[in-house]
Visitor: 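Okay, handing you the structure first.
Predicted model only: the values in this text are computed from it and were never measured. Side chains included, hydrogens not; waters and symmetry mates left out as well; all remaining heavy atoms used. For ligands, and for the atoms within them, numbers begin at 1 and follow the listed sequence.
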Amino acid sequence: MEKILAEYRRQLGAFELVEIDEDRIAALRRELDVEVPLELRWTWTYGSEVEELRSLYERGKRGQWNAETDVDWAQPLPRDEWFLPREGLQLLPSVLTAAGVDEATCREAGFDEFAYTISQLLHGEQAALQLCGQLTNACPTMDAKFYAASQVADEARHVEVLAKLIERKLGTIYPIGGTLKVLLDKLLAAPTWQTKTLGMQTLFEGMAVGILDMFQKGSTNPLVTDIIRRVKQDEARHAAFGILTMRRTVKEATPEEMIEMEDFAFNILETLNANQQLDMLQELGPKYGLDPDSVAQMVLQSPDWAKFNSQPYMHTVVPNLARLGLITERTEARYRARGIVFGDRFGTGTDGDVAASM
Ligand SMILES: [Fe+2]
Ligand SMILES: [Fe+2]
């Protein structure tokens with residue numbers, strides 16, 4: 001099985017980390033032109049063929065909002081107030097608190113890490129915008145084209161709202177992490193609309209729902225809560241598209257194609273997880289006297305690591321893959337060994353916003 005970024009892997013204890021060197025990351029960021037195969041498909045059937053996608057499209061139309069006028073941008077986001085939990089949600093304030101560092105420094109680190117995370121989400125939103133444009137071309141039914149087109153508008157709004165949040169309140173757009181750039185390019189360059197749907201709509205949208213839900217629940221700042229809530233409701237529709245479309249795709253797949261999709265999903269999520277936030281730690285660690293490797297080692301050795309690490313995965317993406325038959329006994333142990341699957345692989349239930357979109 002192909003291992004993504006094989007040349008940038010190394011062992012840290014029992015864990016295989018992915019860490020891309022600075023020169024390569026700089027080169028990745030300069031790669032603005034990406035060769036992508038795109039099969040454009042006409043259809044002459046303008047009536048609805050896939051009822052559930054047509055109603056998702058209707059839901060999408062009703063769910064539109066304006067990032068400039070519906071968000072109350074006058075609300076403050078002060079640097080000197082906690083608006084996320086000090087421990088447990090973000091890595092830097094948790095580590096610094098455990099090390100006995102003063103509160104003001106921990107708070108600043110939390111603010112920086114939030115700006116870093118929102119920046120990565122922003123770059124991911126741009127990839128989603130581009131990918132949905134591809135799906136509008138490539139999907140075979142008008143229902144899917146309508147739906148994908150409405151998602152293009154959603155993703156443009158997400159790029160807009162996150163860029164404005166950073167520009168107006170957070171101050172710094174951090175550049176894209178190397179691992180994320182490689183994975184997003186892989187999805188954009190995936191050969192078929194089915195693989196693109198699996199990669200972006202099922203894996204990345206599912207991750208987005210999990211991460212955004214954790215931030216929405218943790219935030220005590222009204223502006224942040226409102227923006228995250230709005231984006232997450234849209235992402236839940238996008239994840240629903242992933243599930244609805246993949247349900248049909250797996251029904252028609254051969255056993256070989258199922259294995260291919262299961263491996264593809266594992267490879268993407270395994271690589272994302274194998275970075276263990278080293279990209280973030282390289283960017284922000286030095287400012288707080290933190291050595292990225294030592295932090296990663298400490299995190300990996302903590303007794304609750306897998307439970308904590310698996311949270312954004314177990315929220316939506318893993319249960320969805322398991323229900324689609326794309327995490328089976330064949331790959332489950334590998335997911336568990338890497339701290340991605342923890343507990344029941346079907347999770348504890350479907351996210352409320354995703355369930356409401358189905
Ligand atoms: Fe989005
Ligand atoms: Fe999305």
Visitor: For K61, check side chain to side chain contact (heavy atoms under 4.5 Å, CB included) against everything at least two apart and list the hits.
Guide: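 K61: side chain to side chain contact (heavy atoms under 4.5 Å, CB included) contacts with Y57, E58.
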Visitor: Hey, would you say the Y313 and Y335 ring centroids sit under 6.0 Å apart?
Guide: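 When the ring centroids of Y313 and Y335 are compared, they turn out to be at least 6.0 Å apart.
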Visitor: Near the Fe ion (ligand 1), which protein N/O/S atoms fall under 2.8 Å?
Guide: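 Near the Fe ion (ligand 1), the protein supplies E125 OE1, E155 OE1, H158 ND1, E235 OE2.
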Visitor: Quick check on Q11: does its CD atom have over 12 non-hydrogen neighbours (other residues, nucleotides or ligands) under 6.0 Å away?
Guide: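 Correct, the count exceeds 12.
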Visitor: For residues Q64 and R157, is any side-chain donor paired with an opposing acceptor at under 3.5 Å?
Guide: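 On atom types as modelled, these side chains qualify, holding a pair under 3.5 Å.
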Visitor: Check whether F266 forms a cation-pi arrangement with R334 (NZ or CZ under 6.0 Å from the six-membered ring centre, at most 45° off the ring normal).
Guide: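 Ring-cation test returns yes.
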Visitor: Same cluster or not: I268 versus I259, using hydrophobic residues (I, L, V, M, F, W, Y) connected whenever any side-chain heavy atoms lie under 4.5 Å apart?
Guide: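 They do not share one cluster, since no chain of ILVMFWY contacts under 4.5 Å joins I268 to I259.
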